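Everything on this sheet refers to the single structure shown next.
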Protein chains: 2
Amino acid sequence: MDINNFKYDEVGLNRFFGPLEAKIMELLWEQERSIKEVQQRLDQDKPINFNTVMTVMNRLVGKGVLKKRIQGRGSLFHPVQSKEDFIKDQSKKITENLLDGFGGVVINHMLDAMEEVDQTLLDKLEQKIKQLKEDKS
Amino acid sequence: MDINNFKYDEVGLNRFFGPLEAKIMELLWEQERSIKEVQQRLDQDKPINFNTVMTVMNRLVGKGVLKKRIQGRGSLFHPVQSKEDFIKDQSKKITENLLDGFGGVVINHMLDAMEEVDQTLLDKLEQKIKQLKEDKS
DNA sequence: ACAACACACTACAAATTGTAGTGTATTAAC
DNA sequence: GTTAATACACTACAATTTGTAGTGTGTTGT
């Protein structure tokens with residue numbers, strides 16, 4: 001899975017993908033689809049070439065986020081992970097990366113950010129730490 | 001400050017900058033320097049053109065991470081933030097972004113990642129949580 | 001046999017980053 | 001005071017990523 005870029009000025013899946021890639025992923029997380037089906041869906045919003053969609057979908061296969069399954073004449077595409085699992089995995093990677101890259105420097109600010117979003121998070125984290133300490137002893 | 005890309009397959013400052021940019025930032029976080037001084041430092045490791053260094057340094061000014069200060073004939077460059085502050089700010093942005101972009105989906109995995117850190121960080125976490133709770137009451 | 005379709009291969013454009021040439025203006029030296 | 005070195009602006013090109021799309025090929029269904 002070579003997705004390893006997080007654009008934190010973007011929104012939603014655009015943080016991990018280009019805009020067209022993101023739209024395609026979204027459609028395929030809904031359900032498995034052929035290139036044609038994806039192209040027709042996208043075309044409803046804005047005219048888009050079949051080959052354009054094909055190229056991008058194949059690139060996503062190359063990146064390891066989509067899989068191709070031959071079915072009769074054509075192929076069907078589906079993500080290798082659910083959307084939730086994808087986001088979870090990437091978030092974990094990013095968080096680990098921040099922590100073991102910059103350690104103590106960032107941890108306070110991560111907590112600040114957590115608190116701003118949801119106060120109950122601190123309790124959850126406290127519990128986890130308590131549990132961790134019990135496990136160790 | 002238009003740094004908004006986090007490459008989580010890279011190491012250190014390369015997560016935020018290109019490799020050459022990162023080396024230059026590192027040198028300027030040590031101390032304010034002229035283009036010539038930066039170029040000569042880098043040149044010790046590997047031959048590098050003066051204009052190359054100049055271009056990249058000016059681009060970093062354009063991105064808002066460096067400032068230029070005229071001094072006599074030439075200019076001296078320095079980061080607008082300390083290295084620590086830079087990393088803190090970016091980390092906070094990334095964390096907030098993850099949390100309010102993907103909400104509950106990522107929280108547990110962020111906590112998981114936090115659990116995996118070393119003991120001293122865990123202690124820091126506990127302290128920080130305690131402190132945050134006191135602030136509330 | 002032919003037309004429609006699925007797909008491979010190829011290519012180009014914008015943006016980002018590293019690279020570096022040429023030209024200009026100011027400073028320093030003789 | 002003319003020349004030479006220096007600092008810098010301007011410009012350009014290559015590789016990579018992402019969006020875009022043309023052409024060509026082989027299979028299918030009529």
Side-chain angles (χ1 to χ4, degrees), chain A residues 1-10 12-27 32-43 45-77, chain B residues 1-10 13-27 32-40 42-43 45-77:
Chain A
M1 175 93 69
D2 43 328
I3 298 293
N4 39 38
N5 221 325
F6 185 72
K7 297 160 225 151
Y8 44 106
D9 61 332
E10 294 283 349
L13 289 171
N14 283 14
R15 291 180 243 235
F16 300 105
F17 299 100
L20 177 55
E21 290 177 329
K23 281 182 214 148
I24 289 172
M25 289 307 293
E26 207 72 270
L27 285 173
E32 196 179 38
R33 288 182 153 103
S34 67
I35 300 175
K36 192 87 210 173
E37 284 163 350
V38 171
Q39 184 264 325
Q40 283 171 343
R41 269 307 204 92
L42 294 173
D43 203 61
D45 290 341
K46 199 184 135 210
I48 187 157
N49 184 279
F50 175 86
N51 279 343
T52 298
V53 177
M54 181 173 59
T55 302
V56 173
M57 284 173 74
N58 280 323
R59 282 179 187 160
L60 288 170
V61 172
K63 289 187 186 179
V65 290
L66 287 186
K67 267 204 174 148
K68 200 186 283 211
R69 189 169 67 84
I70 290 164
Q71 190 246 24
R73 35 181 164 182
S75 301
L76 294 179
F77 293 72
Chain B
M1 176 91 71
D2 43 328
I3 298 292
N4 40 38
N5 223 322
F6 185 71
K7 297 160 226 154
Y8 44 107
D9 61 333
E10 294 282 348
L13 290 170
N14 283 12
R15 290 178 242 234
F16 300 105
F17 299 100
L20 177 55
E21 289 177 329
K23 281 183 213 147
I24 289 172
M25 289 306 293
E26 206 73 90
L27 285 173
E32 196 179 38
R33 288 182 151 103
S34 67
I35 300 174
K36 192 90 211 170
E37 284 163 351
V38 171
Q39 183 264 324
Q40 283 171 342
L42 294 173
D43 203 62
D45 290 340
K46 198 182 137 214
I48 187 157
N49 185 278
F50 175 86
N51 279 343
T52 298
V53 177
M54 180 174 58
T55 303
V56 173
M57 283 173 75
N58 280 323
R59 284 179 186 161
L60 288 170
V61 172
K63 289 186 187 179
V65 290
L66 288 186
K67 266 204 175 149
K68 200 186 284 209
R69 189 168 67 83
I70 290 164
Q71 189 245 25
R73 37 178 164 179
S75 300
L76 294 179
F77 292 72

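Labels below follow one simple rule: chain letters A, B, ... track the order of the sequence lines, proteins then strands, and each chain is numbered from 1. These figures come from a predicted structure and were not determined experimentally.
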Closer than 4.0 Å, any side-chain N/O of B/Thr52 to the OP1 or OP2 of C/dA20? yes

Value for NZ (B/Lys67) from CZ (B/Phe77), rounded to nearest 0.5 Å, stands at 13.5 Å

Short heteroatom pairs, N/O only, protein and nucleotides 9-17 of chain C, under 3.5 Å:
{"residue": "C/dT17", "atom": "OP2", "partner": "B/Lys63", "partner atom": "NZ", "Å": "2.7"}

query: Closer than 4.0 Å, any side-chain N/O of B/Asn58 to the OP1 or OP2 of D/dA9?
result: yes

So CG of B/Asn5 and CG of A/Asp9: to nearest 0.5 Å the spacing works out to 7.5 Å

d(B/Asn51 CG, B/Ile35 CD1) to nearest 0.5 Å is 9.0 Å

Which part of the nucleic acid does A/Lys23 contact within heavy-atom distance under 4.0 Å: base, sugar-phosphate only, or nothing? nothing

CD (A/Gln39) and CD1 (A/Ile24) are apart, to the nearest 0.5 Å, by 10.5 Å

Distance col, row A/Leu27:CG vs A/Lys23:NZ, nearest 0.5 angstrom, shows 10.0 Å

Sort me out a list of protein N/O and nucleotides 25-30 of chain D N/O pairs below 3.5 Å, or just none if empty.
none

The answer to which of A/Ser34 and B/Lys46 contacts DNA chain C further toward the 5' end, by nearest nucleotide, is A/Ser34

| Parallel under 30°, tilted from 30 to 60°, perpendicular over 60°: which one fits the rings of B/Tyr8 and A/Phe16? | perpendicular

